[in-house]
Structures are given as structure tokens and as C-alpha cells.
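So the structure is just underneath, and the comments pick up after that.
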There are 2 protein chains.
Amino acid sequence: MEKQMRTTLLCTALLALLSANLHAEDAKQPPKRKSAKEIIDAAPASAWRDLDPANTLYMELPTGRVIVELAPGFAPEHVANIKTMARGGFWDGLSIYRSQDNFVVQFGDADGDDKAKAKPFPAGTKQHLPAEFTRSDKGVHFDRLPDVDGWAPQVGFVDGMPAAHDPKTGKSWIAHCYGVLGAGRNNPPDSSIGAELYVVIGQAPRALDHQLTVVGRVVKGMELLSTIPRGPDPMGFYEKPEQRAPIVSIKLASDVPQAQRTPLQLLRTDSQAFIDATEARRNRVDDFYTVPAGHIDLCNVALPVRTPPAK
Amino acid sequence: MEKQMRTTLLCTALLALLSANLHAEDAKQPPKRKSAKEIIDAAPASAWRDLDPANTLYMELPTGRVIVELAPGFAPEHVANIKTMARGGFWDGLSIYRSQDNFVVQFGDADGDDKAKAKPFPAGTKQHLPAEFTRSDKGVHFDRLPDVDGWAPQVGFVDGMPAAHDPKTGKSWIAHCYGVLGAGRNNPPDSSIGAELYVVIGQAPRALDHQLTVVGRVVKGMELLSTIPRGPDPMGFYEKPEQRAPIVSIKLASDVPQAQRTPLQLLRTDSQAFIDATEARRNRVDDFYTVPAGHIDLCNVALPVRTPPAK
């Protein structure tokens with residue numbers, strides 16, 4: 001620990017020095033920069049990708065639709081099981097039964113642990129899956145950020161997901177940023193099957209990274225989850241069943257009639273527009289922000305989503 | 001930038017190496033550690049400090065009380081002005097008029113920019129204040145974390161507030177963590193007087209650090225602010241006045257009769273219990289978490305609050 005601390009201090013000092021030089025140069029020649037919004041608005045069509053309906057969940061709440069992009073590249077077994085459960089209507093009529101401030105909302109079958117009351121899983125649902133906490137980095141396209149991260153050797157984006165990478169172990173994993181969807185589990189690492197899911201609604205709980213299976217992230221509708229009244233329990237579970245937030249249904253977008261789908265596009269994380277917009281946020285200089293931060297945290301990087309423009 | 005990146009990579013690699021050694025040692029001899037909760041529950045009375053009513057705001061909402069500890073050490077002029085405004089009932093009957101998902105709620109006088117409709121400031125309110133973005137580190141007691149931070153050379157705690165420090169400039173400032181209360185401003189740095197305030201309700205927007213005056217942080221009742229329905233505007237402003245969340249009143253706790261106060265204690269950030277609890281979270285090893293993170297982010301450090309035990 002001592003050695004690590006000294007190295008950390010040294011690194012911090014070095015970075016501060018270099019960063020100070022950078023700032024000094026900026027101060028000499030204030031750059032005329034486009035804002036992140038201007039860059040994104042001007043992005044060519046090729047910078048955007050369509051959200052794939054076969055890889056998208058619609059969570060219908062009484063308040064509206066939450067849209068999730070799944071991450072089969074990271075959690076193939078969980079995602080396949082989730083698709084089976086969605087097709088079988090597993091979550092329809094179930095609830096969000098936990099809302100812990102600055103942490104997560106959790107949903108699924110609140111009575112899942114009670115054999116007498118638990119909702120049966122749809123036919124084909126696997127009752128046991130391997131832990132899918134990390135994936136191999138072999139063949140993985142990693143859009144790396146240059147920014148230092150305290151939790152992982154490298155951070156960036158894979159398949160549009162905020163991700164971390166350890167070149168030493170050859171592993172990648174999705175980072176627990178705001179909006180990330182993960183599979184709740186009990187103590188055994190392989191105790192999740194994707195039936196009980198959580199979404200991060202607060203400061204990124206990165207201590208959960210590579211300790212749980214992450215299955216995707218919310219790309220639209222986070223405000224419907226983040227405003228759900230918190231449970232009184234220290235862990236946010238509700239006292240009474242009537243306090244739970246009902247789920248109308250969770251369906252695969254590809255199983256929803258075309259006319260009822262929400263077409264969305266996401267800015268590719270390997271596009272120049274994404275790189276430039278992130279840099280514009282990392283070193284924001286405008287009439288309001290006068291001191292460029294010189295840094296951006298993985299979980300502060302905006303992942304732009306839009307309605308496809310009319311053809 | 002190139003140099004900075006190379007240094008970052010080198011540092012990251014070094015840290016990964018040291019961290020790997022650490023983990024290997026942990027794996028050999030799994031330590032029998034107390035959990036953060038056990039450590040906090042066992043903390044001696046001396047590890048706790050009373051929240052000072054003269055330095056505490058009660059924000060009364062129809063849903064309950066939000067409690068704020070002010071930071072006069074960082075923003076003496078703003079805090080003094082806020083006390084004047086609270087005593088004069090400035091916010092009573094005003095509203096939370098902005099709720100932007102994963103960012104901030106903002107409150108004050110929604111009609112403040114409209115001279116015809118703006119609520120007059122109470123007698124004694126200063127109409128101009130200096131920017132108080134940073135303070136000198138002279139004589140400041142800084143409970144430093146050993147953890148690397150991408151935004152600042154050093155991070156830790158000052159006066160119970162999450163804070164950053166730059167030894168080169170001799171400046172300290174409060175970091176924009178979840179629950180931090182800041183003074184909204186227009187483009188001129190010295191355009192805030194503390195009338196329009198915001199609270200961070202999402203991933204720490206640390207790019208705001210030392211660019212705005214931070215005046216305190218919420219120590220209880222965050223869930224009342226974080227669940228306020230988001231405004232439809234991209235910046236979270238409501239379309240219609242009736243959508244705003246009303247504020248019953250904001251008062252200094254010392255102006256509230258003793259019987260109506262909420263006594264609270266906060267764990268001192270220089271106490272051994274705080275240090276040990278933070279370490280227990282940094283390297284959590286229990287039946288659920290099997291891989292210690294070896295790191296904690298400033299804004300992930302819990303700042304324990306309790307009702308004082310009966311004497």
C-alpha cells in the first residue's frame with residue numbers, strides 16, 4: 001500500500017505539472033472551439049448507428065418507455081436468457097421493488113425468493129448461467145479514452161458501452177456508469193440468470209465493476225427510473241407491495257410492431273464527431289467555463305442519442 | 001497532450017502492477033476485516049461531531065425536510081448572504097424550477113430575471129459578491145485520500161466537505177460530488193449572490209469544480225430532491241409554473257425552535273473510524289465482493305450521518 005501510495009503521489013504530481021503547462025498554453029492562445037453540441041449537430045450520417053431492435057428492450061412503465069441497448073458481446077448467455085424471458089412475458093406485471101438513493105433501482109419478481117409465490121420462468125429460461133463479469137479483449141474494438149481512471153488501467157467504449165480494459169489480464173468489462181443495467185446476484189458469482197436486474201441511478205458505483213454481470217445500458221428514459229420514490233429501507237427496498245413501481249411489460253423491440261417502435265440512433269464512439277465532442281467537454285472553453293478541466297471521467301462522457309432525421 | 005498521455009499510461013501501468021501484487025497478497029491471506037458498517041457502528045463518541053444549527057439550513061418541502069451543512073470556510077460571503085436571505089424568508093413560497101436528469105436540481109426565484117415579477121431580496125442582502133470558487137490552503141486541515149483523481153492533484157475532505165487541493169497554486173475547493181450545493185451564476189464569474197442555488201443529483205459533474213461557488217452540501221433528505229420529476233427542457237427547466245416543485249421555506253436551523261430541529265451528527269473525516277471505514281470500502285472483501293477494488297473515488301466515499309444516541 002505504501003509503495004502504491006507513493007507512486008500515486010508521484011504520478012499525480014507529474015500529471016499536475018503537465019496539465020499546468022497545458023493550461024498555460026491554452027491561456028496564451030485561447031482556442032476558438034466548437035461546442036460539443038455544435039460538433040454533434042454537424043456530425044455526418046455515417047457517425048450515427050441505428051439501435052438494433054433485435055438487441056433492444058422496451059421497458060413499459062405507466063409513466064412511459066425506458067429503452068435499453070443490450071450487450072451480448074459482454075454477456076451472451078445472460079442476454080440470450082433475458083430475451084427468452086422477455087418473449088415469455090416474464091416481467092409483465094412485475095415491479096421495480098427497490099430504489100436506493102444515489103445507487104440503483106432494481107426490478108423483477110419481488111417474490112422470487114418465495115417458492116410459493118414466485119412467478120414461473122417462461123419455457124426455455126435457463127436456471128443457471130456462468131458469471132459473465134468480464135470478456136476477453138481478443139478481437140474487441142476498444143475506443144480508448146486518454147484519461148486516467150482510478151478504477152482500471154484503461155477506459156473507453158466497446159459496442160457503445162462505457163468499458164474498462166486490463167491489458168495485463170486481457171479482460172474487458174462494462175463500467176458501472178449511470179444508466180448501466182446489471183444482473184443482480186446472491187453471493188455465488190454464478191447465481192444470476194438475468195431475471196432480477198438493476199440500473200445505476202447515482203454516482204457510478206465502480207466498485208461493482210467485474211463483480212457482477214452487466215447486460216446493457218439505458219439509452220432513453222432514465223428519468224423515469226431515476227425519479228422513482230426511494231424505498232425507506234437502507235438498501236431501498238419498499239416496505240409494502242403497494243409501494244412498488246409496476247412494470248407494464250418488458251419486450252424486445254423486434255417483437256413490437258414497427259409502428260410502435262421508437263427509432264433511435266447513437267453516435268458511434270469511434271466517429272470523429274464523438275472524439276471531438278468529448279474533447280470539447282474535456283477542455284471546455286466558452287463564455288461560462290474559463291478554465292479547461294483537462295480531463296473527463298469515463299462516466300461523465302455523454303453518449304448522444306437522437307431520433308433519426310427524416311429521409 | 002502527448003507527454004501527458006504517455007505519463008498517464010506509465011502511471012496506470014505502474015499502479016496496475018502494484019495493485020496486482022496487492023491483490024495477489026490478498027488472495028494468499030484473505031484478511032479478516034470488519035465491514036464499513038461495523039466500523040462506523042463501533043466508532044467512539046469522539047469520532048462524531050454535532051451539526052452546528054448556526055451553520056445548517058432546513059429546506060422544507062411538502063415532502064419533508066432537506067438538511068444542508070453550509071461551508072463558510074469556502075464561501076464566507078455567499079454563506080453570509082444566504083443566511084441573510086434565509087432569515088428574510090427569501091425562498092419561502094419560491095420553487096425548484098429546474099430538474100435535469102443526472103445533473104442538478106436548481107431553485108430560487110424562477111422569475112428572478114423578470115424585474116416586474118422578481119421577488120425583492122430581504123433587507124441586507126448584498127447584490128454583488130466576489131466569486132468564491134477556491135480558498136487558500138493556508139491553515140486548512142485537509143484529510144487527504146491516497147487515491148488518484150483525474151480532476152485534481154489531491155482530493156480528500158475539509159470541514160466535512162469533499163474537497164480538492166492543488167499544492168502548486170495553494171488553493172482548495174469543494175468538489176462537485178452528489179449532494180453538493182452551489183450558487184448558480186451567469187457568465188461573469190462574480191455574478192452569483194447565493195439566491196439561485198443548485199444541488200448535484202447525478203454523476204459528479206467535476207468539470208464545474210473551481211468554476212462556481214460551492215456553499216455547502218446536503219447531509220439529509222437528498223432523496224426528496226433527487227426524485228423530483230425532471231423538466232422536459234434539455235436543461236431540465238419546467239415549461240409551466242405549475243410543474244415547479246414548491247419550497248415551503250428555507251430557514252437557518254438556529255432560527256427554528258429547538259423542539260422542531262433535527263439533531264444530527266457527522267462522522268469526523270479525521271477520525272480513525274472514518275479512515276478505516278473508507279479503507280474497508282476501498283478494499284472490500286466479504287462473501288459478496290471477492291475482488292478488492294484497491295481504489296475509491298472521492299465522490300464514492302460515504303459521509304456517515306446519524307441521529308445522536310440518547311444520553
Side-chain angles (χ1 to χ4, degrees), chain A residues 1 3-5 7-20 22 99 101-102 146-151 153-154 166 168 177-179 186-187 189 201-207 209-211 222-223 226-230 281-282 284 287-291 293-297 299-300, chain B residues 1 3-5 7-8 10-20 22 99 101-102 146-154 166-168 177-179 186-187 189 201-207 209-211 222-223 226-230 281 284 287-291 293-297 299-300:
Chain A
M1 199 56 187
K3 246 199 292 182
Q4 181 177 18
M5 200 181 304
T7 316
T8 306
L9 297 184
L10 176 66
C11 292
T12 308
L14 277 170
L15 287 174
L17 209 65
L18 291 165
S19 163
L22 212 66
S99 171
D101 198 56
N102 194 20
D147 306 271
V148 70
D149 181 84
W151 303 94
Q154 302 179 355
D166 185 343
K168 196 171 51 64
C177 295
Y178 191 83
N186 295 320
N187 286 342
I201 60 161
Q203 176 70 17
R206 299 276 307 278
D209 283 7
H210 59 70
Q211 313 232 28
M222 265 308 293
E223 70 282 4
S226 60
T227 55
I228 288 175
R230 310 305 183 224
R281 289 213 174 83
R282 183 185 289 117
R284 191 166 166 174
D287 292 339
F288 190 88
Y289 292 90
T290 52
V291 188
H295 175 77
I296 194 162
D297 185 274
C299 294
N300 284 112
Chain B
M1 198 57 185
K3 247 199 294 183
Q4 182 176 17
M5 202 182 303
T7 316
T8 307
L10 175 67
C11 293
T12 309
L14 278 170
L15 288 174
L17 208 67
L18 290 166
S19 164
L22 212 68
S99 172
D101 198 55
N102 194 20
D147 306 270
V148 69
D149 182 82
W151 303 94
Q154 301 178 357
D166 185 343
K168 196 171 52 63
C177 294
Y178 192 84
N186 295 320
N187 286 342
I201 59 162
Q203 176 70 18
R206 300 276 308 276
D209 283 9
H210 58 69
Q211 313 233 26
M222 264 308 293
E223 70 283 3
S226 60
T227 55
I228 288 175
R230 309 305 183 224
R281 288 213 174 84
R284 192 166 166 175
D287 292 338
F288 190 88
Y289 292 89
T290 51
V291 187
H295 175 78
I296 195 162
D297 185 274
C299 294
N300 284 112

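First the proteins, then the strands, lettered A, B, ... as listed; each starts at 1.
- The minimum heavy-atom distance between A:Trp151 and B:Ala293, with the atom names listed, is CZ3-CB, 3.8 Å.
- Heavy atoms closer than 4.5 Å to chain A are found nowhere in B:Ser99, neither backbone nor side chain.
- By number of non-hydrogen pairs under 4.5 angstrom with chain A, the leading residue of B:His210, B:Arg206, B:Arg230, B:Gln211 is B:Gln211.
- Nearest heavy atoms, A:Asp287 versus B:Asn187: CB-ND2, 3.4 Å.
- With a 4.5 angstrom heavy-atom cutoff, B:Asp209 does not touch chain A via any of its atoms.
- Looking only at heavy-atom pairs under 4.5 Å with chain B, the residue among A:Ala204, A:Gly202, A:Cys177 that has the most is A:Ala204.
- With rounding to the nearest 0.5 angstrom, the CD atom of A:Gln203 is 13.0 Å from the CD1 atom of B:Ile201.
- Between A:Asp101 and B:Ser226, the shortest heavy-atom distance links the atoms OD1-OG, 2.5 Å.
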